[in-house]
Amino acid sequence: MKKLIIAGGSGFLGKEIASYFTAKFTDIVILTRGTTETKNGFRYVTWDGKTLGAWQEEFRSCEVLINMAGRSVDCRYTPKNKKLIMDSRVDATKILGEVISKSKNPPQVWINSSTATIYRHSLDQQMDEATGEIGKGFSVAVAKAWEEAFYASITPNTRKVALRTSIVLAKNGGALVPIVQLAKMGFGGKQGKGNQQFSWIHCDDFLESINFIIENDHLTNAVNSVAPEPVTNSFLMKTIRKQLKIPFGIPLPRFLLEIGARLIKTETELILKSRNVIPQKLTDTGFKFKFKTIESALEDLI
């Protein structure tokens with residue numbers, strides 16, 4: 001294929017996606033709030049994520065668009081931050097939809113980032129795309145508004161997929177790094193009650209799943225990008241300790257997590273919400289996970 005555009009490609013996952021697709025596209029354009037430049041084989045083009053500009057010229061020819069734009073949720077949910085989290089996702093999705101709807105040669109595929117957090121806190125039921133129950137609260141409201149903006153644009157010649165991603169595990173970025181650091185410091189016990197489900201995906205499988213979606217025309221609408229076997233927080237931490245050869249970890253009850261979250265300016269929801277999500281569409285259409293179990297993933301990453 002010729003051109004891939006990645007909106008919000010300057011973040012951790014955006015960089016991983018760009019690197020992965022280097023051999024599959026002749027031209028990779030990254031829409032960024034930084035300066036327009038060519039670096040490391042990628043063309044960075046400035047945009048603000050909410051208004052039209054010179055960047056839209058890139059859509060004169062583009063086979064695939066992947067939108068990862070959105071302010072990090074790793075912060076305190078103050079009114080200001082809530083607005084930034086919501087607006088950065090909805091505005092970027094809306095303006096991309098406007099450009100594509102007017103394009104004479106629109107992308108064949110538009111993959112828009114979403115989140116597995118859209119489903120309710122669940123200790124009992126596994127959530128798939130067909131029967132999963134939508135939750136409540138701020139994070140869910142963001143996810144719903146994000147997907148509504150995605151589907152609202154009229155793009156009849158572009159296949160759309162909302163990528164409901166869980167926690168992406170990687171060596172050099174994302175959530176795994178601070179969790180491993182905690183375990184090395186001795187705080188590798190369960191967090192909260194420890195029974196909350198942890199839906200995850202190895203970064204390699206995350207990237208392969210995106211490529212699989214691009215290559216399979218029948219995949220549309222919401223797709224859960226998660227590994228097939230969620231685990232409890234207790235099992236996750238036990239497996240991390242085992243991999244690190246640390247026999248014991250101090251558990252962190254909810255009240256300590258609340259104090260810690262305030263100190264590092266984040267929210268305990270990121271740890272305590274039970275994300276019990278499975279990739280029904282991917283497995284039904286024949287996607288093969290390289291890392292099905294958390295043990296195999298952590299063995300590779302730690």
Side-chain angles (χ1 to χ4, degrees), residues 1-75 84-85 87-100 102-103 105-115 146 150 158 161 163 165 167-178 201-215 225 300-301:
M1 290 177 281
K2 293 181 180 179
K3 183 190 283 187
L4 165 66
I5 295 178
I6 307 172
S10 300
F12 158 60
L13 289 179
K15 290 177 181 177
E16 292 287 343
I17 291 169
S19 178
Y20 172 83
F21 281 107
T22 299
K24 299 179 184 292
F25 289 86
T26 56
D27 187 15
I28 295 181
V29 175
I30 297 174
L31 300 182
T32 175
R33 295 177 187 273
T35 57
T36 296
E37 60 180 336
T38 298
K39 185 171 62 175
N40 300 325
F42 306 126
R43 291 198 297 117
Y44 291 82
V45 176
T46 303
W47 81 325
D48 64 0
K50 57 185 177 181
T51 56
L52 298 174
W55 60 269
Q56 70 195 80
E57 297 299 317
E58 296 294 339
F59 285 83
R60 290 181 181 272
S61 61
C62 168
E63 279 73 27
V64 178
L65 166 65
I66 301 173
N67 177 27
M68 303 297 294
R71 189 198 192 282
S72 172
V73 295
D74 188 11
C75 62
L84 287 170
I85 289 168
D87 291 353
S88 62
R89 285 160 175 72
V90 172
D91 290 348
T93 302
K94 282 182 177 179
I95 201 66
L96 288 169
E98 181 179 341
V99 169
I100 292 173
K102 295 176 180 177
S103 176
N105 186 28
Q108 299 164 20
V109 187
W110 175 8
I111 297 174
N112 208 72
S113 183
S114 182
T115 174
W146 203 358
F150 180 49
T158 299
V161 174
L163 196 66
T165 308
I167 306 297
V168 179
L169 303 181
K171 288 183 180 180
N172 301 315
L176 183 60
V177 175
I201 187 168
H202 189 291
C203 191
D204 289 358
D205 283 332
F206 169 71
L207 297 170
E208 290 287 348
S209 73
I210 293 175
N211 186 60
F212 184 82
I213 289 167
I214 292 171
E215 294 181 346
S225 181
D300 180 68
L301 294 171

Handout entry: Where F25 and K3 come nearest, the two heavy atoms and their spacing
Key = CD2-C, 3.6 Å
Exercise for the section: Could you tell me whether the side chain of T32 and the main chain of T46 form a donor-acceptor pair under 3.5 Å? Expected result: no
Exercise for the section: May I ask you to check whether over 12 heavy atoms, not counting those of N172, lie within 6.0 Å of atom CG? Expected result: no
Problem - Donor-acceptor pair, side chain of K50 and main chain of D87, under 3.5 angstrom - result: no
Completion exercise
Scanning both residues in full, the closest heavy-atom pair of G49 with R33 reads CA-NH2, 4.2 Å
Fill in the blank from the handout: CG (L13) and OH (Y20) are apart, to the nearest 0.5 Å, by 14.5 Å
Exercise for the section: Enter the distance from C75:SG to L84:CG here, rounded to the nearest 0.5 Å. Expected result: 8.0 Å
Exercise for the section: Quick one: pull up CD1 in I28 and OG1 in T22 and give me the separation to the nearest 0.5 Å. Expected result: 4.5 Å
Practice task
Walk me through it: do I95 and L52 pass the test side chain to side chain contact (heavy atoms under 4.5 Å, CB included)?
Solution key: CA-CA 7 Å; I95 201 66; L52 298 174; 3.7 Å; yes
Practice task
Before accepting this row, confirm whether a basic side-chain N of the pair E98/K102 lies closer than 4.0 Å to the acidic partner's carboxylate O.
Solution key: yes
Practice task
Looking only at non-hydrogen atoms, find the nearest pair between N211 and F21 and report the distance.
Solution key: OD1-CE2, 3.6 Å
Practice task
Locate the shortest heavy-atom distance separating V177 from K171; write the atom from each residue and the value.
Solution key: CG2-O, 3.6 Å
Completion exercise
In short, A7 meets L31 closest at the heavy-atom pair CA-CB, 3.9 Å
Problem - Donor-acceptor under 3.5 Å (S103 side chain, F59 main chain) - result: yes
Exercise for the section: Spell out, as yes or no, whether a donor-acceptor pair under 3.5 Å connects the side chain of R60 to the backbone of N105. Expected result: no
Handout entry: Check: T26 side chain, K2 main-chain N or O, donor-acceptor pair, under 3.5 Å
Key = yes
Practice task
Look only at the side chain of Q56 and the backbone of G53, and say whether a donor-acceptor pair between them is shorter than 3.5 Å.
Solution key: yes
Practice task
Using modelled atom types only, decide if a donor and an acceptor are shared between the side chain of T93 and the backbone of F150 within a distance under 3.5 Å.
Solution key: no
Exercise for the section: Please answer whether the main-chain N or O of E16 pairs with a side-chain N or O of S19 as donor and acceptor at a distance below 3.5 Å. Expected result: no
Handout entry: Exercise: do T165 and S225 side chains pair donor with acceptor under 3.5 Å
Key = no
Handout entry: Evaluation steps, side chain to side chain contact (heavy atoms under 4.5 Å, CB included), between I6 and F42
Key = CA-CA 10 Å; I6 307 172; F42 306 126; over 6 Å; no
Handout entry: I111 side, atom CD1; I213 side, atom CD1 - distance, nearest 0.5 Å
Key = 5.0 Å
Completion exercise
Distance col, row W55:CH2 vs D48:CG, nearest 0.5 angstrom, shows 8.5 Å
Exercise for the section: Could you tell me whether a side-chain N or O of N67 sits under 3.5 Å from a main-chain N or O of A69, the two making a donor and an acceptor? Expected result: yes
Practice task
Give the C-alpha distance, both sets of side-chain angles, the deciding distance and a yes or no for side chain to side chain contact (heavy atoms under 4.5 Å, CB included) between V99 and E58.
Solution key: CA-CA 10 Å; V99 169; E58 296 294 339; over 6 Å; no
Handout entry: L96 side, atom CG; I66 side, atom CD1 - distance, nearest 0.5 Å
Key = 12.5 Å
Practice task
Check the pair V168, C203 against side chain to side chain contact (heavy atoms under 4.5 Å, CB included), reporting the backbone distance first and the verdict last.
Solution key: CA-CA 6 Å; V168 179; C203 191; 3.9 Å; yes
